[in-house]
Enquirer: 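Handing you a structure now.
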Amino acid sequence: MIDSKITDGYHAPMKKYPFTAIEKKWQEYWQDNKTFRVTEDSTIPREKRVYVLDMFPYPSSAGLHVGHPEGYTATDIYCRYLRMKGYHVLHPMGFDSFGLPAENYALKTGTHPRISTEKNILLFEKQIKALGFSYDWDRNISTHTPEYYRWTQWIFLKLWEKGLAYEAEMPINWCTNCLTGLANEEVRDGLCERCNSPVERKNIRQWVLKITAYADRLLADLDKLDWSESLKLMQRNWIGRSEGANVIFPLADGKGEIEVYTTRPDTLFGATYMVLAPEHALVSELVTAERKEEVEAYIRKASRKSDMERTELAKEKTGVFTGGYAINPVNKEKIPVWISDYILISYGTGAIMAVPAHDQRDFEFAVEFDLPIVQVVSSDGELEEPKEATTADGIAINSGQFNGLTTAEFKVKMIEWLKENNLGRSAINYKLRDWIFSRQRYWGEPIPLVHCSSCGIVPVPYEELPLLLPEVESYKPTGTGESPLAQKEEWVNTSCPKCGGKAKRETNTMPQWAGSCWYYLRYLDPGNDRQFAGRNKIDYWMPVDLYVGGAEHAVLHLLYSRFWHKVLYDFGLVNTDEPFMRLINQGMILGEGGVKMSKSLGNVINPDEIIEKHGADSMRLYEMFMGPLEVSKPWSTRGITGIKRFLERVWRLAQWELCEDEPPRELLVLLHETIKKIGHDTEHIEFNTAIAQMMIFTGELYKADKLYRRLWEPFVLLLAPYAPHLAEELWQQLGHSSSVSKEIYPEFNEALTVREVTTLVFQINGKIRARADVQTGLAEEAMEKIALEQPRIKELLTERKIVKIITVPDKLVNIVVR
RNA sequence: GCCGGAGUGGUGGAAUUUGGUAGACACAGAGGACUUAAAAUCCUCUGGCCCGCAAGGGCCGUACCGGUUCAAUUCCGGUCUCCGGUACCA
């Protein structure tokens, strides 16, 4: 009995596809029966265990948007497929529930972030469950719970223990709106990646993680990973390894030296001046009395510039002469030392040798301040008119005994020469900076350290974790570099775990990335209160076989968690040095018309409405049918009706009376082709074409006058990973009492995928002139014979001479004529 | 600027694997069947141009220009556009 509400208001009788009722029924069934719970069954061999992971969401108040289900549906289909293929699949879900939005909401309304966060989690859970994903909900975690962040703090202390966490007073990226420091990775075009407010330089006390200590391994181990090349490249670029040399330039007055880093030691003879970063320690020593005022003014101005201003002003070079000179070690020339803000204190040695002939920035600077330009690399050994810097490799000129060497040879020779003369050595540099880890905000993990006036910084003992986030009166960021926790005196004032004397707690909190650095490990053993995860569980499941999520985390989460994982690996706490073996970035779902979906454009699609109107199975299928998972594609309200029609058609077909006879061979061949195609496409995460094949198959079944059980049962199994609710219902209708998700995936018979008849194409000089249906498996001679018998071909061959005949079995015959 | 990726009908997209029938499957559109009518459903057509009453046939066509090949969406060289990343990293 189906009421009109369930049938979506259509008046069709009884048989209308009752998706709402079906979906509710099976979601309850899966929940009540814990259908997708998975345990560490030791009888299952290693190669049959698979860990498939989704990037867990931040539970925002807006609820799920259509982008979330895209990746989740993809992994769900893949997991359901693997289970039917006999794999033991770990597929968990949780929430990344510390973060600024909840705190900002608290500021506005006074609602405790925990309250709003937990409310949002319930909303997310409900929405995710409404899509019928096969998660093992018993492993659900949320990063803001003390049971979870106890271990986030524990791992932080391990980092501290290893000397990988240090305190520094340094100029950092300060978001003027969030009122907190940011990591380099969180700044985009001089703006905060979260709120797009300008980022300024601010000198405050920070906790910093020494990710640079792992730069070489983070770079090298990318080669092991099955990630897209473009994503690996993004990480490579971010790490930014370069090879070159450090070179020592003695000061002209004999009282010291300047060390520079260069990737082009072969251009040393062309170094006509030097530039220091304004913050460089030697500036104050170098500056002459008469230039002092000008230099100090420049330093002041540079320090006030925000990142935005620095990039905007990048077109014109600025700087001042310090009055000091250094000696170019290769030719003993006395060269002036300048300062300029195009030299960054944080990269290399904070100082450069300027080779204006072969570096565009140095060239611009030299032109601006009328400094000499000496060409030392030439494409042909001849001198050229310097119109701009030539950065290409070439032949050395103006370089004394090194003249005539190629750039590559010269680099090697020069480094040898520098070493012999104690003037330098080869060096490697990275763009990657250490990770600024502290946030001056409330809603995050408290950093479990204590400042003791006699013992210094002392960690909270492991057994006292979690260090609970205290309740506070106000969540308002102080803006002074202290977090709101600082106001909570009874919390801040504590005793030193070491000497028992008076001490103060660290009041900074961790960034949102902390919790997501290791959540994939907690899923393995979510209830463990003695360890972050039991080693046996880690060995059982890790590493993650497939990880799916958005590309926006390319250099944030994915770099940070690789770093933490390597640290844990070095402690012997995990079994692999990389966490995520294969990674797929799903494309963005755009609004209709191909523009970005946004609240301001009013084109946001709400999954709840889609589910209510078309059903979860339609939603799942549509998102997969739109196109390849990895590419961005626009939502189409009309597109989903096509998918809905397909499922309605499947439902109608299911109402036909079953026929137990042997189906006609043609349909049997189509079935086996379909099993082959859908199996292949599902395995390779090419869901759009798999769905197209289902449509072809049902289209043909519709043309038959009977519904053959031997065709229909395998089809329902093929459908099951994609439209699991409908498939469960149909499976039950077919008389089965267990869940379709526990069935074995159908196998195809290769012999039955071979068609008996195929269309041969006949070409003359590569142009198609005729076609004919023939039996498959014809010999080449037979194909040629048929080709030459075609009336149209005969006609076109008169008066022509056949040069050559090319045949491709079961495909074509191409006759080359003159 | 540099580094990636991508450009296929009115639209989303197919063409597995090493080159072999371009446009699968859908959406939209047109026509038809059923119906008192509508909705739903079912069937047919649907890249462009041209010849033909028709059956049928021809030419062009995968961003653009060129190359390799019997044959190019696919391989090679160049140009343009869009998207993503990055931005004084010496």
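Reckoned from all heavy atoms, side chains included, excluding hydrogens, waters and symmetry mates. Bear in mind the structure is a predicted one, so any value in this text is a computation, not a measurement. In what follows, every chain begins at residue 1, and chains take the letters A, B, ... in the order their sequences are listed.
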Enquirer: Parallel, tilted or perpendicular: which fits the ring planes of F269(A) and F410(A), with parallel below 30° and perpendicular above 60°?
Expert: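 If you compare the ring of F269(A) with that of F410(A), the planes turn out tilted.
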
Enquirer: Can you name the residues that form a salt bridge (Lys or Arg N to Asp or Glu O under 4.0 Å) with D681(A), not counting sequence neighbours?
Expert: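 Salt bridge (Lys or Arg N to Asp or Glu O under 4.0 Å) list for D681(A), sorted by chain: K677(A).
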
Enquirer: Look at the aromatic rings of F697(A) and F715(A) and report parallel, tilted or perpendicular, splitting at 30° and 60°.
Expert: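 F697(A) vs F715(A) ring planes: parallel.
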
Enquirer: Is K431(A) touching bases, backbone alone, or none of the nucleic acid, heavy atoms closer than 4.0 Å?
Expert: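 Base contact.
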
Enquirer: R236(A) near the nucleic acid: base, sugar-phosphate alone, or nothing, with a heavy-atom cut-off under 4.0 Å?
Expert: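 The answer is nothing, as R236(A) stays clear of every strand by at least 4.0 Å.
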
Enquirer: Strictly under 4.0 angstrom, non-hydrogen atoms only: write out the protein contact profile of nucleotides 17-29 of chain B, one letter per nucleotide from the 5' end, B, S or -.
Expert: ---BBS-BBSSS-

Enquirer: Once you apply the 3.5 Å cut-off to both distances, tell me the Watson-Crick or G-U wobble partner of C42(B), or none.
Expert: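 With both distances under 3.5 Å, C42(B) matches G32(B).
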
Enquirer: Return the pairing partner of C80(B) with a 3.5 Å limit on both distances, Watson-Crick or G-U wobble; otherwise return none.
Expert: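 Across all strands, the one nucleotide that pairs with C80(B) is G7(B).
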
Enquirer: What pairs with H557(A) under side chain to side chain donor-acceptor pair (under 3.5 Å), at least two apart in sequence or on another chain?
Expert: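 Y547(A).
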
Enquirer: Rounded to the nearest Å, what distance is computed from the CG atom of residue L558(A) to the P atom of nucleotide G85(B)?
Expert: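 Value for this atom pair: 15 Å.
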
Enquirer: Can you tell me the Watson-Crick or wobble partner of A90(B), both distances under 3.5 angstrom?
Expert: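 Matched A90(B) with nothing under the 3.5 Å cut-off.
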
Enquirer: Parallel under 30°, tilted from 30 to 60°, perpendicular over 60°: which one fits the rings of F687(A) and Y722(A)?
Expert: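 F687(A) and Y722(A): perpendicular rings.
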
Enquirer: Want to settle it: does W238(A) or H680(A) sit nearer the 5' end of RNA chain B, counting the closest nucleotide to each?
Expert: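 It is H680(A) whose nearest nucleotide is closer to the 5' end.
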
Enquirer: Identify whether the distance between the nearest side-chain nitrogen and carboxylate oxygen of D223(A) and R236(A) falls below 4.0 Å.
Expert: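 Looking at D223(A) and R236(A), the cut-off is met.
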
Enquirer: What's K677(A) touching, base or sugar-phosphate or nothing? Going by heavy atoms closer than 4.0 Å.
Expert: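 Here K677(A) touches no strand at all.
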
Enquirer: Rounded to the nearest Å, what distance is computed from the CG atom of residue L344(A) to the P atom of nucleotide C88(B)?
Expert: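 Checked: the CG to P distance equals 7 Å.
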
Enquirer: Regarding Y622(A) and T641(A), do their side chains bring together a donor and an acceptor under 3.5 Å, going by distance alone?
Expert: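 There is no such pair (donor and acceptor under 3.5 Å, judged by atom type) between the side chains of Y622(A) and T641(A).
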
Enquirer: What pairs with T637(A) under side chain to side chain donor-acceptor pair (under 3.5 Å), at least two apart in sequence or on another chain?
Expert: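 With sequence neighbours excluded, T637(A) shows a side chain to side chain donor-acceptor pair (under 3.5 Å) to E592(A), given in chain and number order.
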
Enquirer: Measuring only the P atom in each nucleotide, how far is A30(B) from G48(B)? A whole number of Å is fine.
Expert: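 Going atom to atom, P in each nucleotide, I get 15 Å.
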
Enquirer: Which listed nucleotide (A90(B), C70(B), U41(B)) is nearest to the side chain of E648(A)?
Expert: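 The listed nucleotide nearest to E648(A)'s side chain is U41(B).
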
Enquirer: Does C59(B) pair with anything, Watson-Crick or G-U wobble, both distances under 3.5 Å, and if so, with which nucleotide?
Expert: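 Partner of C59(B): G48(B).
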
Enquirer: Mind telling me whether G9(B) is syn or anti, cutoff 90° either side of 0?
Expert: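 Nucleotide G9(B) adopts syn.
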
Enquirer: Name the nucleic acid region contacted by S242(A), choosing base, sugar-phosphate or nothing; use a 4.0 angstrom heavy-atom cut-off, strictly under.
Expert: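 Sugar-phosphate contact only.
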
Enquirer: Would you say the side-chain atoms of Y342(A) and E364(A) include a donor-acceptor pair closer than 3.5 Å?
Expert: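 Side-chain D/A pair, Y342(A) to E364(A): absent.
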
Enquirer: Using a 4.0 Å heavy-atom cut-off, does S632(A) contact any base of the nucleic acid, only the sugar-phosphate backbone, or nothing at all?
Expert: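 Sugar-phosphate contact only - S632(A) comes under 4.0 Å of backbone atoms but never of a base.
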
Enquirer: When the distance from CD1 of I428(A) to P of A90(B) is rounded to whole Å, what number comes out?
Expert: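 Taking atom P of A90(B) as the reference, CD1 of I428(A) is at 13 Å.
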
Enquirer: Which pairs, with at least one residue in residues 620-642 of chain A and sequence neighbours excluded, count as a salt bridge (charged side-chain N to carboxylate O under 4.0 Å, His left out)?
Expert: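 Found E70(A)-K633(A), D76(A)-R620(A).
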
Enquirer: Does R769(A) put a side-chain nitrogen or oxygen below 4.0 Å from OP1 or OP2 of G58(B)?
Expert: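 Answer yes for this pair, as a side-chain N or O of R769(A) is under 4.0 Å from OP1 or OP2.
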
Enquirer: Any carboxylate oxygen within less than 4.0 angstrom of a Lys/Arg side-chain nitrogen, looking at E700(A) and K703(A)?
Expert: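 Yes, charged N to carboxylate O under 4.0 Å.
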
Enquirer: Rounded to whole angstroms, how far apart are CG on N765(A) and P on G58(B)?
Expert: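 Distance check: N765(A) CG to G58(B) P gives 14 Å.
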
Enquirer: Report, one pair per line, the protein and nucleotides 1-5 of chain B atoms (nitrogen or oxygen only) whose separation is under 3.5 Å.
Expert:
none

Enquirer: Please tell me which of D359(A) and I815(A) maps to the more 5' nucleotide of RNA chain B, matching each residue to the nucleotide holding its nearest heavy atom.
Expert: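 Nearer the 5' end of the strand: I815(A).
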
Enquirer: Can you tell me how far P of G85(B) sits from CD of Q235(A), to the nearest Å?
Expert: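 After rounding, the reported distance stands at 15 Å.
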
Enquirer: Could you tell me how far apart L590(A) (CG) and C83(B) (C1') are, to the nearest whole angstrom?
Expert: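 In whole Å, C83(B) C1' lies 10 Å from L590(A) CG.
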
Enquirer: Taking atom P in both G23(B) and U79(B), what distance in whole Å separates the two?
Expert: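 Rounded to whole Å, the distance is 33 Å.
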
Enquirer: Closest to the K16(A) side chain: U86(B), A40(B), C70(B)?
Expert: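 From the listed options, A40(B) comes nearest.
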
